Amino acid sequence: MFYYSKTKSDNQSFVMDVRKRIYNQDGYFVFKNFIDAEKAESIARRWSSGRFDYEFHDRFANSEVRIGHPNYCYHRPGSPDLSYCMHMWNAPVDQELHSICLEAQSLRNLVEGRALHFGTQLHDPLILQYRLSRTLSTDTSVFPHADFLEEPRRDSMGDHAYDPRRCQMTLMLSDYGTHYKDGGFFLQNNQDKQLLLGRDVSAQIGDLVLWKYSNKHTVTGVVPMDQDLGFSRVIFPSFDKEYVDVSA
Amino acid sequence: MFLPENYPKQLSPILDAYGAHGLIPDYSAVHFFDLKDDFEALFKDHSVKFKANKRVLDIGGRSIAYLYNSKKFVVESYEPREAFQKLGSELHGDNVCYLHDLKDLDFNQYDCVLINIELLGLEGIDLNLTTLNEHFSSGLKVFAYRLRPRHKEISQVYLLGDGSVCDESLMLKRFKMLNSHIHMGLKKYEYSYMDVFDLCRDY
């Protein structure tokens, strides 16, 4: 998608425009059709079917994760909800999903002004984990909070010092109004207004939403219309190398 | 921009300005006022005696934190990076005048010269910069400084907040040229958010 020789010249003005939208104007930017809608739905369906011949470990708390740990899965807030958490240090379970996630990470790196493959190598100060989640429960699965805003953390992935540079991404694997309704991912924009992705922000299946991590966000109120997909998405947390690398 | 409760409210429009110019609100931006304090401490520690109209030559000053909200300084700045220049103009208005190049400068008109050595790592910069020290006279206060990143860089070549590429080995090679007049050991001072090198010809 991005050739490094083009990064600085052709893409730089586009990247600066995206930064203006995220850091100054809206608090988010939607990359439309980051993957095809059909492709996104196909990924969501094969992951929701649970047919993979792969054993996910029981949940690790964020603070327990160490380099070398297996991929893990948890069910929150209820048993029908799924979150598959996959680390850079393990072989990909799904090479197609893995490639898409690496591409998304490159995009975030361009916006955050980092090297193109930052976060995908074990010597990086931050190491990516991608997390495919499906929410069917109406209960709150992510309580309202802002990251890197020096809010107290019970279960941290690393240093939470103020860092407005940090962005998080949501890759939409289902559609508001088709697969779920009423709730989903709510994000506070830079004007302090709460927006629901899919309803207030045009973000459809296959779109990648890059948003300012230090703006308050929550996942709640999902009413599933499709009992397999519900609200499905991939998010991209990063762990501080200092926290997960006990050998360092 | 949203701030933690314990951060000064004045920081919010500064970080907004970074974003408005397509720049990253990075570690140095977040510590804008801490850098201001560091510069003020530097001036105090090294008894920089400013004349009535406190003239500073600032090379690669990025946002020139020490100038913020101060009517005391008259700054001439050489900042070839367009986005940082626009940011500086927005934050400091008429208090800073941007130079097109470093040719034919009369250094005696300045009380202090500040050089951000990050500029030395960029390819295609004005190479006159590396021989500036030919013009430093005794008594002129000259300091090179380096902003400290959040994470120590693990590479020799890395990206800066405007997308420009900084080559560390090029920076050090050029810095050697810039401090070639120092024969008794380069003095380094550590402040909270930057390292400072004394380039004064005072011995």
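The model shown is predicted, which means the values in this text are computed figures rather than measured ones. Below, chains carry the letters A, B, ... as their sequence lines are ordered, and counting in each starts from 1.
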Q: Can you tell me which portion of A:D159 sits under 4.5 Å from chain B's heavy atoms? Options are side chain, backbone, both or neither.
A: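 For A:D159, the side chain is the part near chain B, not the backbone.
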Q: Do you know the tightest heavy-atom contact between A:P164 and B:L15?
A: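 Shortest heavy-atom separation between A:P164 and B:L15 comes out as CG-CD1, 4.1 Å.
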Q: To the closest 0.5 Å, what do you measure between CD1 (B:I24) and CE (A:M16)?
A: 8.5 Å
Q: Contact part of A:E112 toward chain B, heavy-atom cut-off under 4.5 Å: side chain, backbone, both or neither?
A: backbone
Q: Of all of A:R165, A:R21, A:K20, which one pairs up most often with chain B through heavy atoms under 4.5 Å apart?
A: A:K20
Q: More than 12 foreign heavy atoms under 6.0 Å from NE2 of A:H123: is that the case here?
A: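 Result for NE2/A:H123: enclosed.
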Q: Where does A:K216 contact chain B at under 4.5 Å (heavy atoms): side chain, backbone, both or neither?
A: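 Contact with chain B is absent: no heavy atom of A:K216 under 4.5 Å.
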Q: Measure A:V18 against the heavy atoms of chain B and call it side chain, backbone, both or neither at under 4.5 Å.
A: neither
Q: Looking at B:D94, I'd like to know if its CG atom is crowded, meaning that more than 12 non-hydrogen atoms belonging to other residues, nucleotides or ligands lie closer than 6.0 Å.
A: no
Q: Could you tell me whether A:K32 atom NZ has more than 12 heavy atoms of other residues or ligands within 6.0 Å of it?
A: yes
Q: Between OH of A:Y162 and CZ of B:F2, what distance do you get to the nearest 0.5 Å?
A: 9.5 Å
Q: A:N24 side chain to B:D16 main-chain N or O, any donor-acceptor pair under 3.5 Å?
A: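 Side chain of A:N24 to backbone of B:D16: a pair is present.
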Q: Would you say CD of A:Q95 has more than 12 non-hydrogen atoms from neighbouring residues, nucleotides or ligands within 6.0 angstrom?
A: no
Q: Got a sec: does the CZ of A:R166 have more than 12 other heavy atoms crowding it under 6.0 Å?
A: yes
Q: Out of curiosity, B:M1 CE to A:L149 CG, how far, rounded to the nearest 0.5 Å?
A: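 The distance works out to 11.0 Å.
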Q: How long is the gap from CZ on B:R150 to CG on A:D163, to the nearest 0.5 Å?
A: 4.0 Å
Q: For each of B:G19, B:G22, B:A29, tally heavy-atom pairs with chain A at distances under 4.5 Å, and name the one with the top tally.
A: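 Option with the greatest count: B:G22.
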Q: In terms of heavy-atom proximity below 4.5 Å to chain A, should B:Y7 be classed as side chain, backbone, both, or neither?
A: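 Just its side chain gets close to chain A.
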Q: Assess whether atom NZ of B:K86 is packed by more than 12 heavy atoms of other residues, nucleotides or ligands within 6.0 Å.
A: no
Q: To the closest 0.5 Å, what do you measure between CG (B:D26) and CZ (A:R114)?
A: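 One gets 10.0 Å once the value is rounded to the nearest 0.5 Å.
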Q: Of the listed residues (A:P125, A:G27, A:S214), which shares the most heavy-atom pairs with chain B below a 4.5 Å separation?
A: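 Heavy-atom pair counts peak at A:P125.
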